[in-house]
Amino acid sequence: MAAGVAAWLPFARAAAIGWMPVANLPMPVAPAEKNRRQDELIILNVSGRRFETWKNTLDRYPDTLLGSSEKEFFYNEETKEYFFDRDPDVFRSVLNFYRTGKLHYPRYECICSYDEELAFFGIISEIIGDCCYEEYKDRKRENAERLLDDQEDKKDAKLPNMTFRETMWRAFENPHTSTMALVFYYVTGFFIAISVITNVVETVPCGTVPNQKEVPCGERYTVAFFCMDTACVMIFTVEYLMRLFAAPSRYRFMRSVMSIIDVVAILPYYIGLVMTDNEDVSGAFVTLRVFRVFRIFKFSRHSQGLRILGYTLKSCASELGFLLFSLTMAIIIFATVMFYAEKGSSSSKFTSIPASFWYTIVTMTTLGYGDMVPKTIAGKIFGSICSLSGVLVIALPVPVIVSNFSRIYHQNQRQDKRRAQKVQKARLARIRIAKTGTSNAFLHSKRNGLFNEALEFTQLPYKMNLSEQSSTEEEQQLTKSTSLLESQHHHLLHCLEKTTNHEFVDEQYYQQSYLEAGLQNYPSRSPSLSSQDGVTGTCCSRRSKKHHTPLQNASTPALMQPLTHKHTHQQGLQELSTIHIRPLSTSRSSLNMRVDEPASLNCQSNQITTAIISIPTPPVTTPDGDLTHQNVVKVSTL
Amino acid sequence: MGMDGMEVIAIAVVIGLFYVVLKQFGVWEPLSLEDSCDGELELSMVRHQPEGLDQLQAQTQFTRKELQSLYRGFKNECPSGLVDEETFKSIYSQFFPQGDATTYAHFLFQAFDMDRSGSIRFEDFVIGLSVLLRGSVTEKLRWAFNLYDINKDGYVTKEEMMAIMTSIYDMMGRYTLPSVRDDSPYEHVERFFQKMDRNRDGVVTIDEFIETCQKDENIMASMQLFENVI
């Protein structure tokens, strides 16, 4: 129940008088307010700054420190105030939460200190209002990353008892941990460079063989280049195998991007070794050599900036996609227009629309090679529009990419956004649960509240003593947790139940009750009942509820009948509603209602009493043999 | 030919661009008048001040402190001093999360809003509460009858009772045990009329109602239930 409407609870309860003439059943007793005192002011002294508020305001949230009896620990007898040695500035937000029902996060506050105050006062951070929640989450995320970064720095300290494999892996990942690792790092870097340069130089024409055209160096010094290539590939292969050996999770390592690059870098060489100098495959072989250029990507292990660039491009995929999409749209449009505009002119290069694509791309990216130019006036007009719009279309997504890069350079934004989305869902789920918790709280406290009343009123015969023992402690615990406000609200809902002669159940229970055959006959336990009647002097009777006996797993339509049958029995007589309390384990036999003999109707007294009949597991003598769970408690108001 | 068509289009486009540029310079005023008048004042929230504490004390049976406490709660929820029907419905619905309390809240609103102004002022609120909490049983019964009598003609017909009953059952929601059937309200109304309608004329008058209720022990007992709510 929202705090703000707590003030209207008295009104809602008073308005319940409208149900009274309509109801056929007696109403439950209102929860007694033991210390009826007028609303009083409470002084909260937070590090010297005094805050004053009504006690009712604080009572709105009984599960926080200020709303519960926990604040009594901070009560100062001499000054008659509650003293908290905490930050008064943050306390302002906390107290405003009680007053307005909304928790705000002040921007100037440090996120850590705010969280600590919230934790101290027992307020969950999920209920921060929507106006401040985004800010709060952003700050929290930044803080978490900073902590993570700090932790990673500390991770470099060498841990004792590391296996050789783990040492090697650490050496590979963080080259500055040991000299050996550093040497290895530089050596591999050097060889990557050598390999790339070799590939480049291989194609440079160097020198001429007499009466032949210029040959590239690669063909001239075949052996030398081959040796160089082999050496590099040897080093790379050894490095790859060593990494593979040292990796903590080989499967994950093999799937990682860097390892794929490594493999692609060295594979062409081996394929080239395997293949013969066949004419057919030599073309393919040449193509394979192209992949040798991927060795340059191995540098990304050596350069942080390169990794970030790659990561940025990956994370800006949507913006890049948008850029590509808009460019494609524009290209198609302008190509079409240019084609039709230039169709008339003679010797036009714009032979088809795809041919115009080239012109459009060159113009939009402001390259302007000049190999295709429009000649007609219409073509020139559209061509100029094309180049102007090209500038715009390309310029728009670029700043987004740039800002992304700078953002990612500082933190790992993308992953956290995904994590935050999950948290958002979790947060909403938690708030929803808290809201539905009110209705569940009613059902929950129905058992507990009735325990309370029952044990106050009844003298239970021998059989009941067992249950009483076990439930007293439980009941005492539970009464503490229900505040006066809650108990009044539950009383209100209980009155509504009585008015309509139906009970609230939760969804699960409701569906369960229509799925099982909980409607069977039982031999009545009248001996205990009648003795109980004598003891308690109750007024109204229990009415027999005869049901059909469907099979255990009857289908739903068949079950509907018995229930309607039951309804027709309730004709103007004083009725009791048996409240069945679902046991902790969801057993199917939980709904077995009891059939009792009709006792004499004696409804003169106004006394409303309750009785508990608990059925401990073993002694239950019902035909339904599968009562396997414990504590089926049926509470009936008599 | 087609080429001329393209030329025409090209020239049209050029003119369009020209117009856009001119508009930018403010040279060519758009034909539509500027009607961006934010000067249209939004009707400022009507604020209602209640009557003085003394008058309210005279009109109701609450003590001064009780009135103070009531007003503080009231003002906290409705700073403007007036409760309109929508707010009222939303507040009341929060107490009955499982069902739909809006219809019943509507009837309640009609019962509280005595001068049919469409909003409940603090005076209406407190006078109604005074009857409910501090009034005699007869006054409470009269209030309940007023609630049931939707058109306030002094007679409660079966249709009116049916509407009230349906709204009460609506508040229970779907998940009840036993399940609310479609004719549950109808049966309930039948029983009610059987009890209340003495002369079997199909309507319940205020006298029949009060007389029957005074004879019924349960109803009399439950009327006293909320004595000490405030």
Side-chain angles (χ1 to χ4, degrees), chain A residues 1-2 4-5 7-27 30 33 36 38-39 54 340-341 343-344 376-378 381-382 385 435-436 438-439 489 492-493 495-497 499-500 502-507 509-510 513 563-564 566-567 572 580 604 606, chain B residues 1-3 6-7 9-11 13-14 65 69-70 72-74 76-77 91-92 94-98 108 111 125 129 132-133 140-141 143-144 147-148 164-165 168-169 171-181 184 188 191-192 194 209 213 217-219 221-223 225-226 228-230:
Chain A
M1 195 168 59
V5 297
W8 286 75
L9 185 62
F11 164 76
R13 299 180 71 212
I17 288 194
W19 308 334
M20 303 298 153
V22 177
N24 296 319
L25 304 172
M27 291 292 145
E33 301 174 50
R36 282 251 43 215
Q38 294 292 332
D39 206 4
W54 296 106
Y340 282 112
K343 203 155 177 213
T376 62
I377 294 179
I381 290 175
F382 287 119
I385 295 173
K435 281 197 181 133
T436 60
T438 54
S439 53
H489 186 212
L492 183 68
L493 292 171
C495 285
L496 182 61
E497 283 186 341
T499 309
T500 57
H502 292 71
E503 298 157 26
F504 287 112
V505 293
D506 62 24
E507 193 174 337
Y509 189 71
Y510 173 78
S513 74
L563 286 173
T564 58
K566 181 184 78 171
H567 269 282
H580 298 285
Q604 291 309 311
N606 288 333
Chain B
M1 278 154 358
M3 306 319 113
M6 288 307 286
E7 303 255 346
I9 294 173
I11 292 179
V13 166
V14 166
K65 269 197 180 297
S69 165
L70 277 173
R72 280 201 302 270
F74 182 83
N76 215 14
E77 269 308 295
I91 292 174
Y92 199 72
Q94 299 209 25
F95 293 108
F96 302 98
Q98 277 194 317
L108 263 187
F125 179 72
L129 270 187
L132 287 173
L133 298 176
K140 291 183 193 175
L141 288 171
W143 186 90
L147 175 69
Y148 301 147
I164 299 270
M165 202 63 77
I168 293 181
Y169 273 83
M171 282 197 283
M172 291 295 292
R174 267 197 68 213
Y175 302 115
T176 59
L177 193 72
S179 175
V180 174
R181 297 171 311 141
S184 302
H188 206 146
R191 260 179 284 149
F192 179 78
Q194 263 182 339
F209 181 74
C213 287
E217 305 261 336
N218 273 331
I219 296 181
S222 53
M223 282 296 180
L225 199 61
F226 294 109
N228 49 357
V229 161
I230 296 285

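Excluded from the calculations below are hydrogen atoms, water molecules and symmetry mates; all remaining heavy atoms, backbone and side chain alike, are included. In what follows, chains carry the letters A, B, and so on, assigned in the order in which the sequence lines appear, proteins first and then strands, with residues in each chain numbered from 1.
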key: Side chain / backbone / both / neither for B/Arg72 at chain A, heavy atoms under 4.5 Å   = side chain

Contact class of B/Ile168 relative to chain A, heavy atoms under 4.5 angstrom = both

Taking all heavy atoms of [X] and all of [Y], pick out the closest pair and write down the distance.
X: A/Ala341; Y: B/Met6; value: N-CE, 4.0 Å
X: B/Tyr92; Y: A/Ala15; value: OH-CB, 4.5 Å
X: A/Pro21; Y: B/Ile219; value: O-CD1, 3.7 Å
X: B/Leu129; Y: A/Ala14; value: CD2-CB, 3.5 Å

ask   = Is any side-chain heavy atom of B/Val13 less than 4.5 Å from a side-chain heavy atom of A/Ile385?
value = yes

inquiry  = Just so I know, are the side chains of B/Met172 and A/Glu497 near enough to count as touching, which here means a heavy-atom distance under 4.5 Å?
reply    = yes

request  = If the plane angle is over 60° it's perpendicular, under 30° parallel, otherwise tilted; pick one for A/His489 and B/Phe95.
outcome  = perpendicular

ask   = Do you know which of A/Ile381, A/Ile377, A/Ile17 has the most heavy-atom pairs with chain B at a distance under 4.5 angstrom?
value = A/Ile17

Option in B/Phe209, B/Phe125, B/Phe192, B/Trp143 with maximal non-hydrogen atom pairs under 4.5 Å from chain A = B/Phe125

inquiry  = Applying side-chain contact (heavy atoms from CB on, under 4.5 Å) to B/Tyr148 and A/Val22, what does each step give before you reach the verdict?
reply    = CA-CA 10 Å; B/Tyr148 301 147; A/Val22 177; 3.0 Å; yes

Separation of [Y] [atom2] from [X] [atom1] (nearest 0.5 Å):
X: B/Ser69; Y: A/Trp54; atom1: OG; atom2: CH2; value: 8.0 Å
X: B/Leu132; Y: A/Phe11; atom1: CG; atom2: CZ; value: 8.0 Å
X: A/Thr500; Y: B/Met171; atom1: OG1; atom2: CE; value: 8.5 Å

